[in-house]
Amino acid sequence: MNLSHLSGLRAYALTLIIPLIILGCHSVDDERIPYSEVHLVFTTVADWNIHGVKGDAADYGRYIYNPATGTRLPADFPYNTMSRTGYGGILLVNDALGSPVAYDLACPYEARPATRIEVPEGELFAVCPECGSTFDIYTNHGNPRSGPAAREGYALQRYSVTSGGALEYRVVTR
């Protein structure tokens, strides 16, 4: 193969690859939800076993705490004065590998704290009851699947789930 033939192949490859890069790499905005503090602590393994998510890939928990309105979901969760559940609340799931992942419950397209995503019974995605957008919460980091959030590239706001210190089992933070 001569040098001009290699140059021709390289140019041909670039004409195929560049449009794929430009059109195929749609960026996702996962910071559309306004900043809100997040601090949810599961102090012991027993706390996690009662209120957290189990190893089942379809298990999830919703956490909403607003002392001003008296909102506590779940009602028996041991919230304290340091507890913060983000903009619209926290959706806690186990991803496909069994690791805990947390998202803000507020739909990123609607971007209102009271418009919260829901997980339909037996489904592996979340949906916004207002705009109909769906989000992949178990395998694709909260990225949109359909609806206006997918068209705009708005993903769910993710939060960190880490192992706590000596007095904390799991901590959800921003």
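- Taking both residues in full, the closest heavy atoms of R145 and L124 are given as NH1-O, 4.4 Å, listed atom of the first, atom of the second, then distance.
- Side-chain atoms of T85 come within 3.5 Å of backbone atoms of Y65 as a donor-acceptor pair (strictly under, hydrogens ignored).
- In this structure the side chain of R170 reaches within 4.5 angstrom of the side chain of S163, judged on heavy atoms.
- Pairs engaging residues 97-130 under the ring-ring contact (aromatic ring centres under 6.0 Å, His included) rule: none recorded [sequence neighbours left out].
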Checking T134 against S146 for the side chain to side chain donor-acceptor pair (under 3.5 Å) test, could you report, in this order, the C-alpha distance in whole Å, the side-chain angles of both residues, the deciding distance, and whether it holds?
CA-CA 5 Å; T134 61; S146 66; 2.7 Å; yes

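- Contact check for Q157 versus R32: no side-chain heavy atoms found under the 4.5 Å cut-off.
- The closest side-chain donor-acceptor pair between D47 and T44, if any, does not fall under 3.5 angstrom.
- With a 6.0 Å cutoff to the six-membered ring centre and a 45° limit on the axis angle, R174 does not count as a cation-pi contact of Y159.
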Let's go through E110 and C128 carefully: what are the C-alpha distance in whole Å and the side-chain angles of both, what is the deciding distance for side-chain contact (heavy atoms from CB on, under 4.5 Å) to 0.1 Å, and is it a yes or a no?
CA-CA 9 Å; E110 298 294 330; C128 173; 4.0 Å; yes

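- Counting only heavy atoms from C-beta outward, the side chains of P148 and S133 approach each other to under 4.5 Å.
- Residues V171 and V101 do not share a hydrophobic cluster, defined by chaining ILVMFWY side chains whose heavy atoms lie under 4.5 Å apart.
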Set out, in order, the CA-CA distance, both residues' side-chain angles and the distance that settles side-chain contact (heavy atoms from CB on, under 4.5 Å) for R116 and I64, then state yes or no.
CA-CA 10 Å; R116 298 181 176 109; I64 303 169; 3.5 Å; yes

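- Here the side chains of R62 and I90 are not in contact, with every heavy-atom distance at 4.5 Å or above.
- The shortest non-hydrogen separation linking P100 to W48 is CB-CH2, 3.9 Å.
- To the nearest 0.5 angstrom, I33 atom CD1 is 10.0 Å from L105 atom CG.
- Residues Y60 and Y138 form a side-chain contact, since some pair of their non-hydrogen atoms from C-beta on lies under 4.5 Å apart.
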Apply the test side-chain contact (heavy atoms from CB on, under 4.5 Å) to residues L91 and I117: give CA-CA distance (whole Å), side-chain angles for both, the deciding distance (0.1 Å), then the verdict.
CA-CA 9 Å; L91 174 66; I117 58 169; 3.8 Å; yes

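- Contact annotation: the side chain of L92 approaches that of V161 to within less than 4.5 Å [non-hydrogen atoms, C-beta and beyond].
- A distance of 4.0 Å separates CZ in F42 from OH in Y63, rounded to the nearest 0.5 Å.
- Nearest heavy-atom pair across G52 and D59 is O-OD2, 4.2 Å.
- No side-chain heavy atom of V41 sits less than 4.5 Å from a side-chain heavy atom of M82.
- Shortest non-hydrogen contact noted between A102 and V172 is CB-CG1, 3.7 Å.
- Looking at every heavy atom in both residues, Y87 comes nearest to A106 through CD2-CB, 3.7 Å.
- E168 contributes atom CD, which lies 8.5 Å from atom OG1 of T43 (distance to the nearest 0.5 angstrom).
- R84 is not listed as a side-chain neighbour of L40, based on a closest heavy-atom distance of 4.5 Å or more.
- We find the CD-CD distance between E130 and E118 to be 11.0 Å, quoted to the nearest 0.5 Å.
- D136 places a side-chain N or O within donor-acceptor distance of the main-chain N or O of T139, the cut-off being under 3.5 Å.
- Linking Ile, Leu, Val, Met, Phe, Trp and Tyr whenever their side-chain heavy atoms come within less than 4.5 Å puts V45 and V53 in one cluster.
- Shown are F77, Y79, Y169; of these, the ring-ring contact (aromatic ring centres under 6.0 Å, His included) with H51 is made only by F77.
- One finds the CG atom of L156 at 11.0 Å from the CG atom of N140 (value rounded to the nearest 0.5 Å).
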Between T162 and S160, is the side chain to side chain donor-acceptor pair (under 3.5 Å) condition met? List the steps.
CA-CA 6 Å; T162 58; S160 298; over 6 Å; no

Walk me through it: do I137 and V119 pass the test side-chain contact (heavy atoms from CB on, under 4.5 Å)?
CA-CA 9 Å; I137 56 173; V119 181; 3.8 Å; yes

